[in-house]
There are 2 protein chains.
Amino acid sequence: MINGISIEEYLRQKGVNPSYQRIRILECLVNSKSHPSAEDVYKELIKEIPTLSKTTVYNTLELFADKGLVLTLSIDGNQTRYDGNTLEHGHFICESCNRVYDFLVDTDALTCEGLDGFVIKEKHFYLRGICSSCV
Amino acid sequence: MINGISIEEYLRQKGVNPSYQRIRILECLVNSKSHPSAEDVYKELIKEIPTLSKTTVYNTLELFADKGLVLTLSIDGNQTRYDGNTLEHGHFICESCNRVYDFLVDTDALTCEGLDGFVIKEKHFYLRGICSSCV
DNA sequence: TATAACTTTGTAATCATTACAATTTTAAAC
DNA sequence: GTTTAAAATTGTAATGATTACAAAGTTATA
């Protein structure tokens with residue numbers, strides 16, 4: 001369930017054919033708060049879908065990102081992470097445990113100088129440091 | 001030259017022994033506005049320093065990042081880029097040409113909710129879209 | 001049922017980055 | 001100015017995330 005509709009319906013609304021694998025992968029992302037990598041998603045789902053291929057996970061995540069179903073986070077350095085929450089928010093990555101946290105932020109409050117004629121498609125605000133669990 | 005002092009002196013001030021390779025690598029970053037990757041730096045310098053090793057470039061860039069001489073940009077997805085400008089500013093990456101542009105922004109204007117007890121070490125604000133050259 | 005389009009799968013590449021050990025350079029002690 | 005130890009550099013070999021690609025499976029439609 002997301003915004004009151006099923007994952008399946010949500011996929012259709014975004015123009016993605018809701019195959020079994022796609023439903024399960026999106027479900028995984030929407031229910032997770034850990035901003036998983038493709039590998040993480042694969043490890044989670046292979047338990048219940050033994051035939052799942054890692055390639056399917058990569059392809060599907062790329063498809064979701066293209067269709068605006070998930071956000072791609074270039075924050076970890078060595079692996080891409082994905083976020084099922086597409087509402088604007090910031091990210092905090094802990095240098096110690098590598099966990100990624102969400103936080104509320106309104107980047108519309110920022111003024112940017114020097115971008116005349118540039119088309120902005122995505123905004124990303126992220127912080128790096130030590131989380132409260134690791135301090 | 002940076003802030004009126006030589007690259008060599010700048011390295012010393014930051015507690016880094018100014019070897020020939022380190023001077024040349026930092027010089028490369030400070031003079032560049034292209035936010036080069038380790039590979040880019042290597043390709044640029046190998047022309048003049050035929051004995052240079054790619055490992056040296058990687059190690060040196062990591063050292064510089066640790067010592068606060070350069071910023072590490074996780075913006076490109078498939079490679080880490082480095083910025084010799086450590087003053088706060090935002091980055092814009094063009095989805096078409098992959099160039100990274102700087103722009104002025106003051107992230108102190110932002111209020112972040114949900115980070116009580118978190119230690120913030122770095123702030124990053126970046127945008128993704130199409131640059132004015134590619135529009 | 002036949003056919004084409006779409007999905008998934010597995011294996012084999014690719015490519016950035018890191019590990020590691022050997023060599024070279026630098027600086028300090030004698 | 002040697003000797004010696006520490007620091008820096010180098011090259012090769014791994015690692016690990018991601019992508020390419022082709023085969024096999026599935027679905028929808030004519």
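Below, chains carry the letters A, B, ... as their sequence lines are ordered, and counting in each starts from 1.
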Specify the separation, in whole Å, of atom [atom1] of [X] and atom [atom2] of [N].
X: B:Leu11; N: D:dA8; atom1: CG; atom2: C1'; value: 14 Å
X: B:Asn59; N: C:dT23; atom1: CG; atom2: P; value: 19 Å
X: A:Ile75; N: D:dA17; atom1: CD1; atom2: C1'; value: 18 Å
X: B:Leu52; N: C:dT23; atom1: CG; atom2: P; value: 20 Å
X: B:Phe64; N: D:dA8; atom1: CZ; atom2: C1'; value: 12 Å
X: A:Glu62; N: C:dT7; atom1: CD; atom2: P; value: 14 Å
X: B:Lys54; N: D:dA13; atom1: NZ; atom2: P; value: 15 Å
X: B:Leu61; N: C:dT18; atom1: CG; atom2: P; value: 11 Å

Taking only side-chain nitrogens and oxygens of A:Thr56, does any of them come within less than 4.0 Å of OP1 or OP2 of C:dT9?
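For C:dT9, OP1 or OP2 has a side-chain N or O of A:Thr56 closer than 4.0 Å.
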With respect to the phosphate group of D:dT9, does any side-chain polar atom (N or O) of B:Thr51 fall under 4.0 Å of OP1 or OP2?
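The answer is no; no side-chain N or O of B:Thr51 sits under 4.0 Å from OP1 or OP2.
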Reference residue A:Asp83; test side chain to side chain contact (heavy atoms under 4.5 Å, CB included); the match among A:Leu87, A:Asn85, A:Thr86:
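Checked A:Leu87, A:Asn85, A:Thr86 against A:Asp83; only one passes side chain to side chain contact (heavy atoms under 4.5 Å, CB included): A:Asn85.
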If you check the B:Thr55 side chain, which of C:dT18, C:dT9, C:dT17 turns out closest?
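Nucleotide nearest to B:Thr55's side chain: C:dT18.
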Nucleotide of C:dT9, D:dT10, D:dA17 approaching A:Tyr58 most closely (side-chain heavy atoms):
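Between C:dT9, D:dT10, D:dA17, the one nearest the side chain of A:Tyr58 would be D:dA17.
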Over 60° means perpendicular and under 30° means parallel, so classify the ring planes of B:His89 and B:His35, tilted if in between.
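The rings of B:His35 and B:His89 sit tilted, inter-plane angle from 30° to 60°.
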Check: B:Leu61 and B:Leu29 side chains under 4.5 Å, non-hydrogen atoms
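SC-SC contact between B:Leu29 and B:Leu61 confirmed.
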How about [X] and [Y]: are their ring centres within less than 6.0 Å of each other?
X: B:Tyr82; Y: B:Phe64; value: no
X: A:Tyr58; Y: A:Tyr42; value: no
X: B:Phe92; Y: B:Phe103; value: no

Strand-adjacent residues in residues 17-50 of chain B, judged by heavy atoms under 4.0 Å from DNA chain C
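Under 4.0 Å from DNA chain C: no residue of residues 17-50 of chain B.
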Less than 4.0 Å between a side-chain N and a carboxylate O, is that true for A:Asp40 and A:Arg81?
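So A:Arg81 does not pair with A:Asp40 through a salt bridge.
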